[in-house]
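Keep in mind that the numbers below use all heavy atoms, side chains included, and drop hydrogens, waters and symmetry copies. Note on naming: letters A, B, ... go to the chains in the order of the sequence lines (proteins, then strands), and numbering restarts at 1 for each one.
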Amino acid sequence: MTPHAKKAKQFLADEARTDWHNQTLWIVRKKRDALAAAVPEWETLREKASIIKENVLANLDVYLEQFEAAALKNGVTVLWANDAAAFNQIILDIIQKHEAKNIVKSKSMLTEECGLNHFLHHKGIDVVDTDLGERIIQFRGEAPSHIVLPAIHLKKEEIGETFHEKLGTDKGASDPTYLTRAARKHLREKFLAADVALTGVNFAVAETGTVVVCTNEGNADMGVHAAPVQVHCMGIEKIVPRQEDLGVFTRLLARSATGQPVTTYTSHYGTPKPGGAMYIVIVDNGRSKHLGNPKYVNSLKCLRCGACMNTCPVFRRSGGHSYGYVIPGPIGSILAPQRTDARYTDLPFASSLCGSCSNVCPAKINIHEQLYYWRQDLSEKKQTSFIKRFSMKMTGFVLSSNSRYNFAGNMARKALKYLPHKLIYLPINAWGRGRELPAPPKQSFKQWYKNNRKNKPQ
Amino acid sequence: MKKYRIGLFIPCYIDLFYPQVGIATLELLEKLGQEVIYPPKQTCCGQPLANSGSEQEAIATYQHFVNNFQGFDYIVTPSGSCAYHVRRHYDILEQTDAVRKVRETTYELCEFLTDILDVDDLKIRFPHKVGIHQSCHGLRGLKLGAPSELMIPSFSKVRRLLEKAEGIELIELDRKDECCGFGGTFAIFEPDVSVKMGKDRISDHERNGAEFITATDTSCLMHMEGIIRRQKKTIQVKHIAEILNTNSL
Ligand code: SF4
């Protein structure tokens with residue numbers, strides 16, 4: 001079994017919980033449908049977003065330089081990181097330069113990707129994640145299971161338990177309002193003491209040099225307003241050319257993500273506050289390697305809305321942690337293999353290729369086709385198991401010849417007819433786990449045709 | 001109605017395990033006055049290999065398909081998934097005239113009936129409650145209908161053919177086009193998720209009162225039937241060709 005299949009099996013062992021996870025995310029998908037349907041030009045918007053992003057990716061060097069120049073003019077310090085290690089070091093340097101003790105961070109998948117929290121922890125610096133969901137999983141020492149709803153795998157009782165332990169809430173209390181109030185009080189203290197506020201970036205506008213951060217909790221703003229030093233961390237692909245392009249993306253983002261017309265807070269950060277410092281750190285970490293690859297470059301159009309996860313019938317039933325990569329679900333499964341890490345080669349196979357992800361994607365990424373391409377590329381690089389490659393070669397040999405096919409087919413039908421049930425359903429037979437094989441008919445279609453049509457005049 | 005010379009493609013699992021679906025397809029097309037020929041040396045479209053990442057190993061099978069099916073007006077198959085595979089993924093072959101023609105003229109049965117023969121009233125009587133399982137490659141690949149994710153006017157070629165049937169009641173599902181979890185080799189490599197997806201799909205049809213689940217693809221139905229039989233449920237599966245062939249025309 002592949003690592004994903006194994007972890008999925010564990011997740012599925014508690015069927016009631018799987019059903020709950022599945023239904024919770026399906027409700028988010030339905031909210032998205034309702035909000036998208038209310039926008040008559042929805043499909044045009046998706047097309048526009050896709051075209052804007054394709055243009056950005058084709059001219060990324062130009063836009064990044066334009067962005068940097070505009071940001072510098074705004075009094076921002078712009079720093080570039082080639083990879084995760086360089087990025088982490090840059091953040092550490094900023095923290096040390098400002099002799100900061102208290103660091104708050106709003107949601108940023110990029111910092112997860114680079115392992116920033118872990119790196120800083122080893123340097124004796126603890127970062128407080130201020131997004132409620134992220135704080136919950138940080139308390140529990142877990143990774144996010146979804147990029148927009150990081151604690152979606154947890155039930156409120158489990159969160160009550162964690163808060164009782166970490167924040168001293170009443171034992172057994174699981175009322176969401178009560179727990180949220182406790183978290184709010186706890187986080188307020190962290191905000192007020194913050195020396196440095198880190199944020200992710202949803203969009204970076206090339207013509208203005210500003211960054212846009214979208215949250216529902218206002219936690220990015222709380223941090224940025226309270227701390228004298230603000231640091232915005234972005235991947236190179238976050239660029240949009242003009243301020244007016246933002247309208248396309250903000251209309252798509254929240255509707256796709258959570259079925260809201262717009263995120264509660266859409267904050268534009270342009271200049272450092274009086275007496276403060278503002279940094280923008282631009283990170284490559286392997287992205288530019290795929291800019292020239294026509295098969296995979298479009299994966300960089302991703303807005304990180306999470307809609308492909310909510311719609312994915314596999315994700316909803318296997319849970320985000322089953323993927324083992326920082327970004328789970330369909331988009332993660334085409335991003336992870338780009339990291340050329342053998343750990344992730346099973347992910348493009350963790351899909352039924354139903355194509356629902358590509359249809360919900362606000363940036364029109366052909367996710368399911370890229371999954372298919374990765375399957376080919378990984379097999380060619382011989383990164384799938386020997387047994388699988390051998391059986392595929394054999395299958396190809398059988399299917400490309402009529403007589404070999406007939407022979408194999410007859411054997412299969414005879415085997416099903418005469419072998420005892422126990423032998424057919426040996427544990428090795430993955431089909432037989434939960435499914436019967438079809439009852440073998442008296443004759444194949446081929447045989448029937450020969451007997452009933454072949455000699456008739458055409 | 002125009003008469004065409006049709007090459008009938010019967011996918012391997014239909015040939016071996018569900019011959020009645022092939023027979024229904026053949027009889028239906030014949031009743032509609034078509035000249036239908038089953039090229040006897042055909043095997044498979046190569047999809048099982050390609051979806052497992054072995055496109056290269058599939059090329060010989062693709063070539064074999066093209067060789068067997070050149071020279072027809074249309075190639076018709078009772079499988080959305082295979083038709084989609086030929087049309088979409090035979091792009092890795094050298095695009096000779098024969099390859100291009102085969103790709104352009106390969107049709108899934110329902111779309112052939114509605115788009116080429118332009119029929120929808122097949123004078124059928126099927127007095128049952130039927131749930132339509134919208135097989136993904138037919139729906140999202142061949143665009144046999146409007147998938148629920150896209151904000152486009154709703155249409156369904158499958159529904160158009162079925163709703164004319166006398167006595168039929170097409171039930172509505174809670175999730176109208178979720179995947180059943182077959183996914184070819186996905187069913188083998190991810191058995192637990194695959195079976196769970198199938199169970200959930202069947203429950204949706206049961207909950208909404210279907211006696212029959214129908215689909216354009218036998219593969220989805222084989223997967224769901226396997227679960228139905230294992231769990232000793234009473235709901236039945238029937239390929240759409242079998243329903244459409246219940247007519248007397
Ligand atoms: S791939 Fe598309 S749907 Fe998935 S997170 Fe990115 S933008 Fe959203």
Side-chain angles (χ1 to χ4, degrees), chain A residues 2 4-5 8-9 12 18 22 26 33 36-37 39 42-43 311 313-314 317-318 349-356 359-360 372 375-376 378-380 384 388-389 392-393 395-396 399-402 405 409 412-413 430-431 433-438 440-441 443-446 448-450 453 458, chain B residues 10 12 14-20 22-23 35 37-38 40-44 46 48-49 51-58 60-61 63-64 136 140-141 147-152 175 178-179 181-183 186-198 200 222-223 225-227 229-230:
Chain A
T2 66
H4 179 271
K9 184 184 167 72
L12 278 159
T18 305
N22 175 6
W26 183 255
D33 289 352
V39 178
W42 181 257
E43 296 302 332
T311 203
V314 177
R317 291 173 181 82
S318 70
F349 296 89
S351 160
S352 63
L353 299 183
C354 76
S356 182
N359 279 351
V360 293
Y372 178 88
R375 291 183 183 189
Q376 314 307 329
L378 292 169
S379 304
E380 259 167 56
T384 48
K388 193 167 153 193
R389 272 186 286 123
M392 286 304 146
K393 277 221 162 55
T395 313
L399 292 181
S400 59
S401 142
N402 173 49
Y405 167 86
R413 282 188 307 110
W431 179 270
R433 191 139 16 103
R435 280 168 296 215
E436 293 291 313
L437 283 157
Q443 54 186 357
S444 69
F445 176 80
K446 224 171 231 198
W448 177 91
Y449 187 82
K450 211 168 163 185
R453 287 291 188 283
Q458 291 292 344
Chain B
I10 299 300
C12 34
I14 295 184
D15 174 37
L16 298 176
F17 300 122
Y18 294 89
Q20 70 275 21
I23 297 168
E35 181 189 352
I37 292 147
Y38 174 79
K41 294 212 163 88
Q42 61 179 283
T43 56
C44 169
L49 289 159
N51 277 0
S52 318
S54 302
E55 230 179 19
Q56 291 308 317
E57 278 82 11
T61 308
Q63 280 300 355
H64 186 76
C136 300
R140 300 190 181 87
S148 60
E149 304 92 14
L150 295 182
M151 301 304 146
I152 57 174
R175 300 185 185 180
E178 194 175 43
C179 177
F182 174 67
F186 176 78
I188 307 293
F189 292 122
E190 291 268 355
D192 299 280
V193 184
S194 171
V195 168
K196 177 63 178 154
M197 284 165 70
D200 289 352
M222 172 172 77
H223 163 69
E225 188 186 39
I227 297 169
R229 280 177 45 216
R230 176 62 60 88

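- Ranking A:Ala8, A:Gly434, A:Ser351, A:Ala5 against chain B, the residue ahead of the rest is A:Gly434, based on heavy-atom pairs under 4.5 Å.
- Atom CG in B:Leu16 sits 12.0 Å away from atom CZ in A:Phe445 (nearest 0.5 Å).
- Highest contact tally toward chain A, considering only B:Tyr38, B:Phe186, B:Tyr18, is held by B:Tyr38 [criterion: heavy-atom pairs under 4.5 Å].
- Counting heavy-atom pairs closer than 4.5 Å to chain B, the top residue among A:Val39, A:Val360, A:Thr2, A:Asp33 is A:Asp33.
- For chain A, the nearby parts of B:Ile23 are the backbone and the side chain; heavy atoms of each come within less than 4.5 Å.
- Note: B:Ser194 OG to A:Arg433 CZ = 10.5 Å, rounded to the nearest 0.5 Å.
- Of the residues considered (B:Gln20, B:Arg175, B:Gln63, B:Gln42), B:Arg175 shows the highest number of contacts with chain A, using heavy-atom pairs under 4.5 Å.
- Per-residue counts of heavy-atom pairs under 4.5 Å with chain A were compared for B:Leu150, B:Ile10, B:Ile14, B:Val193; the largest is that of B:Leu150.
- The CD atom of A:Gln376 lies 7.0 Å from the OG atom of B:Ser54; values are rounded to the nearest 0.5 Å.
- The aromatic rings of B:Phe182 and B:His223 lie tilted to each other, with the angle between the two planes from 30° to 60°.
- To the nearest 0.5 Å, the span separating NZ on A:Lys450 from NZ on A:Lys446 amounts to 10.0 Å.
- For A:Leu353, the parts lying under 4.5 angstrom from a heavy atom of chain B are both the backbone and the side chain.
- Residue contact with chain A, scored on non-hydrogen atoms closer than 4.5 Å, involves the backbone and the side chain of B:Glu55 alike.
- The distance from the OG atom of A:Ser318 to the NZ atom of B:Lys196 is 13.0 Å, given to the nearest 0.5 Å.
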